[in-house]
Amino acid sequence: MAITVTLPDGKELELPDGATGADAASAIGPGLARAALAVEVPGAGNGDGPEVRDLARPLPDGARLAILTDRSGPQALQLIRHDAAHVLAAAVTDLYPGVKISIGPPIDDGFYYDFEFPAGTTVSEADFPQIEERMRAHVKAAEPFERQDLAVAVARERFAADGQDYKVELIDDLVSAGGPDEPLETVSLYTNGPFTDLCRGPHGPSTKSIGAFRLGSVAGAYWRGDSTRTMLTRIYGTAFFSKAELEEHLERLEQAKARDHRKLGRDLGLFTFSEVSPGAAFWLPAGTSVYNALVGLSRQMGSERGYSEVKTPQIYDSELWKTSGHWDKYKEHMFLVESEGREMGVKPMNCPGHAHLFGARRHSYRDLPVRFFEPGLLHRNEPSGVLHGLLRVRHFAQDDAHIFCTEEQVEEEVRSCLEMAFETYALFDFDVRLELSTRPEQRIGSDEMWDRAEAKLLSTLQELGLTYELNPGDGAFYGPKIDIHMTDSLGRSWQLGTVQLDYSMPERFELSYTGADNQEHRPVMIHRALFGSYERFIGIMLEHYAGELPLWLAPVQAIVLPVSDRFNDYAAAVRDGVAGEGARVELDSRSESVGRKIREAELRKIPYMLVVGQREQQDEAVSVREHRAGDLGSMPLKEFRDRLRGELYSAALKPSKSSERRA
RNA sequence: GCCGGAGUAGCUCAGCUGGUAGAGCACCUGUCUUGUAAACAGGGGGUCACGGGUUCGAGUCCCGUCUCCGGCCCCA
């Protein structure tokens, strides 16, 4: 008896019946046999993708297979990181008797394992050297990963006897997930050295494949992500095939720290934080300049697209929040104040104010859509533990707009919101991801309303041919939404823009417009923010540009640097001339060397440095140095002004309504 | 909010087992009059996050609070 398998190059390989992935690798060549980590075979059917399996498992006849080695990319890396997680658990169980293990998967750039340490034991990064040493011993010993398929009851008994409650719970859940129709008979266990774990696999042949690893940090994590359950101790680490790759990875992390917006904000003098108002930025003049440039862009793009700017109050009687539903669903995140016996709430969102404003006047169907824009200041009492630089604050402003329209206008409005969002992000070269978030458990409004709203968002996404991720249960309490996400310098994902469809608030505020039939009708409300919050957007943007803001956003666009204070008068004239082009320009008239002035201007990442001395004064010229590009040489002042005017104009973003729509 | 860690000058940090707080940069003053990434000299600046405790004596040890950092839960 023999089986035949097909290799990636199309060649067929004949192997004895019962041959394993390891046998296939040896049959191809001894080098591959040594390098092989696992084997990829077609999935078990039911539409799954290919399945990665241990080398030691028998191959199915007729399979098209691929042997994974250290050169197989992310899949192979994931495999050894999963291996490394088990080695971490082995080391920790060696060192901390009585520790309970839970789960330890590979993640994007590493792995983690969650433990419950015995009462009174805490683990910190100071313990890493010891744990890593133990891990190294296990890796060096080249302990094989051995799979064992055990009857459910046997496995359960084994973990129960060991006091491994989390594993017992996992087995019980696997059993109930299987259901009565397809009862689960066995579970797989993997053993490496002294350590055995409940694990679906696959794993590499032995711990030896883990070329280089490093523990990163320790953190708390709720068991099963549930804040009502035990807080476990999570140890993060990463692993690579070679020491060089690990070093490279650590180097990248180091560099990422240099573009952390919190550091850039301080170094560039944009904003600062203080204990006197946790979660609220203090914007310095330079930062305020950037902030205002973005608000200006919102205003300009909005007014070109039929938005009207409005202003609504900061503080409202609790009655308004009861009407909007925030009192029930959001109160704990609101700042409350009391005034003359009235309970008031500081607004965490603009929507109720805008709904009230819409309702304050009569509207005809001819007026719709009504689009209210307000870069409104919001306060949300976020839990202290979630605050994070500009990316998560308590005090911020959104580029918030609410569109009141007819049922028929919804798709067109959602579409133009998305198009406007993409035009906005294109200005910053942002590469964003979309998520469609559907009805959450905590919600208001009928199921029919949710059906309708979700269907409309879905159809618009499909019509525009946009790819998106589905995020079930993550909608706002009043409606489903399309969220726009971006990652920060360390790969953490943050939501920026959002487009939310809301049938509920118009109902609660009893909003209406007069239709062509002279009857009252209920408008639909669309909530949208494209930047999301200016704070978060600026944080992400700083990291995206590593602080090198494009000319139109730079707080100081040009700085004049006289070579000595004998030329301060000419330098002032240059400054005034350049300012005449509408540029933000400074003069550095200090009695310092030109070298120092240039160095400081470079560190401030100012786009243009204009060096002036004897020669320039004589010729009415400036010597232009461009940030990063270096010395561009001397040119007539007039020529520089023309150049700057052109760049400011083209960069001043004049997106027009007629600009091509993005497909 | 939860788990762990940290808080010394504006910034980056030093300060061993408790014995009266230090460096570089930044800032101020003076000299230099500077040509494409740091001139030279001098000077000011810290209730060592805050509050309690132990001690003859606390930046250092203990407790509490606040803030920040890394995650978790949550979120724009």
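Protein chains get the first letters and strands the later ones, always in sequence-line order, with residue 1 at the start of each.
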- Just call it for A:R615: base, sugar-phosphate, or nothing, with non-hydrogen atoms closer than 4.0 Å on any strand. base
- Item | Residue A:V393, side-chain atoms from C-beta onward, closest of B:G70, B:U67, B:A76 | B:A76
- Item | Separation of the P atoms in B:C73 and B:U60, to the nearest angstrom | 36 Å
- Do the rings of A:F531 and A:F537 sit parallel, tilted or perpendicular, given the 30° and 60° boundaries? perpendicular
- Item | Spacing of the C1' atoms in B:C75 and B:C63 (rounded, Å) | 34 Å
- Aromatic rings A:F117 and A:F115: how do their planes relate, parallel, tilted or perpendicular, breaks at 30° and 60°? tilted
- Message: Under 4.0 Å, counting only non-hydrogen atoms across every strand here, what does A:K263 touch: a base, just sugar-phosphate, or nothing?
- Response: nothing
- Message: Pick the closest RNA chain B nucleotide for A:G385 and for A:F273 by heavy atoms, then say which residue is nearer the 5' end.
- Response: A:G385
- Item | Sugar-phosphate only, base, or nothing, as touched by A:G279 at under 4.0 Å among non-hydrogen atoms | sugar-phosphate
- Within the structure shown, what part of the strands sits under 4.0 Å from A:D260 by heavy-atom distance: base, sugar-phosphate, or nothing? nothing
- Taking only the side-chain heavy atoms of A:P278 (C-beta and beyond), determine which of B:G4, B:U67, B:C72 contains the nearest atom. B:U67
- Task: Would you indicate what A:R229 reaches in the nucleic acid, counting non-hydrogen atoms under 4.0 angstrom: base, sugar-phosphate, or nothing?
- Result: nothing
- Message: Regarding A:V386, tell me which of base, sugar-phosphate or nothing describes its non-hydrogen contacts under 4.0 Å with the strands shown.
- Response: base
- Message: Show, in sequence, the C-alpha distance, side-chain angles and deciding distance for A:D226 and A:R224, and conclude whether the salt bridge (charged side-chain N to carboxylate O under 4.0 Å, His left out) test is met.
- Response: CA-CA 5 Å; A:D226 182 343; A:R224 312 210 108 175; over 6 Å; no
- Would you classify A:L561 as touching base, sugar-phosphate or nothing, given that sugar-phosphate means primed atoms plus P, OP1 and OP2, and contacts are heavy atoms under 4.0 Å? nothing
- Considering only side-chain heavy atoms of A:V611, which listed nucleotide, B:U36, B:G71, B:C74, is closest? B:U36
- Item | Listed nucleotide nearest any side-chain atom of A:R262, set B:G35, B:C66, B:C69 | B:C69
- Task: Could you give the distance separating B:U33 and B:A39 at their C1' atoms, to the nearest angstrom?
- Result: 11 Å
- Message: By the 4.0 Å heavy-atom rule, please label A:I598 as base, sugar-phosphate, or nothing.
- Response: base
- Query: Checking all strands, does A:E535 fall into the base, sugar-phosphate, or nothing category for heavy-atom contacts under 4.0 angstrom?
  - Reply: nothing
- Message: Is it the case that the base of B:U67 and the side chain of A:S274 share a donor-acceptor contact (distance under 3.5 Å, atom types as modelled)?
- Response: no
- Query: Do the charged groups of A:E382 and A:R392 touch, with an N to O distance under 4.0 Å?
  - Reply: yes
- Item | Any N/O donor-acceptor pair, A:S227 side-chain to B:C74 base, under 3.5 Å | no
- Under 4.0 Å between any heavy atoms, over every strand shown, what does A:E592 touch: base, sugar-phosphate, or nothing? Just pick one. base
- Query: Does any N or O donor sit under 3.5 Å from an N or O acceptor when you compare the side chain of A:R536 with the base of B:C75?
  - Reply: yes
- Ignoring the backbone of A:L603, work out which of B:A37, B:U67, B:A26 is nearest its side chain. B:A37
- The nucleotide from B:G4, B:A26, B:C2 with an atom nearest the side chain of A:T122 is B:G4
- Query: So what does A:Y112 hit on the nucleic acid, given a heavy-atom distance under 4.0 Å: a base, only sugar-phosphate, or nothing?
  - Reply: nothing
- Rounded to whole angstroms, how far apart are CH2 on A:W223 and C1' on B:C72? 14 Å
- Query: Roughly how far apart, to the nearest Å, are B:C27 and B:G10 at atom C1'?
  - Reply: 8 Å
- Message: Taking the ring of A:H402 and the ring of A:F373, is the distance between their centroids below 6.0 Å?
- Response: no
- Query: Expressed in whole Å, how much space separates the P atoms belonging to B:A41 and B:A26?
  - Reply: 13 Å
- Between A:D483 and A:S593, which is nearer to the 5' end of RNA chain B once each is assigned its nearest nucleotide? A:S593
- Message: Using only modelled atom types and a 3.5 angstrom limit, is any donor from either the side chain of A:R625 or the base of B:A37 paired with an acceptor on the other?
- Response: yes
- Item | Interatomic distance where CG belongs to A:L390 and C1' belongs to B:C75 [whole Å] | 15 Å
- Message: Taking B:C16 as the reference, what is the distance to B:C68 when you measure between their C1' atoms (whole Å, please)?
- Response: 27 Å
- Message: Once you measure the plane-to-plane angle for A:H326 and A:F477, does it fall in the parallel (<30°), tilted (30-60°) or perpendicular (>60°) bin?
- Response: perpendicular
- Taking the six-membered ring of A:Y307 as reference, does the NZ or CZ atom of A:R528 fall below 6.0 Å from its centre and within a 45° cone about the axis? yes
- Length of the line joining A:K597:NZ and B:A39:C1', which is rounded to integer Å: 13 Å
- Item | Ion pair A:R615/A:D619, N-O distance below 4.0 Å | no
- Query: Hey, does the side-chain of A:R234 have a donor or acceptor N/O within less than 3.5 Å of a partner on the base of B:C3?
  - Reply: no
- Query: When all nucleic acid strands are considered with a 4.0 Å heavy-atom cut-off, which category describes A:E332: base, sugar-phosphate, or nothing?
  - Reply: nothing
- Looking across every strand, which nucleic acid part, if any, lies under 4.0 Å from A:E125 by heavy atom: base, sugar-phosphate, or nothing? nothing
- Would you classify A:E602 as touching base, sugar-phosphate or nothing, given that sugar-phosphate means primed atoms plus P, OP1 and OP2, and contacts are heavy atoms under 4.0 Å? base
- Item | Separation between the P atoms of B:G19 and B:C48, rounded to whole Å | 16 Å
- Could you please name the option among B:G35, B:C74, B:A76 that lies closest to any side-chain atom of A:Q398? B:A76
- From B:G71, B:U33, B:A76, pick the nucleotide closest to the side chain of A:S591? B:U33
- Just compare B:U33, B:G71, B:G35 and give me whichever is closest to any side-chain atom of A:E616. B:G35
- Item | Pairwise P distance, B:G53 and B:A58 [rounded to whole Å] | 12 Å
- Message: So if I take every side-chain heavy atom of A:Y222 and compare against B:A76, B:G71, B:C73, which nucleotide ends up nearest?
- Response: B:C73
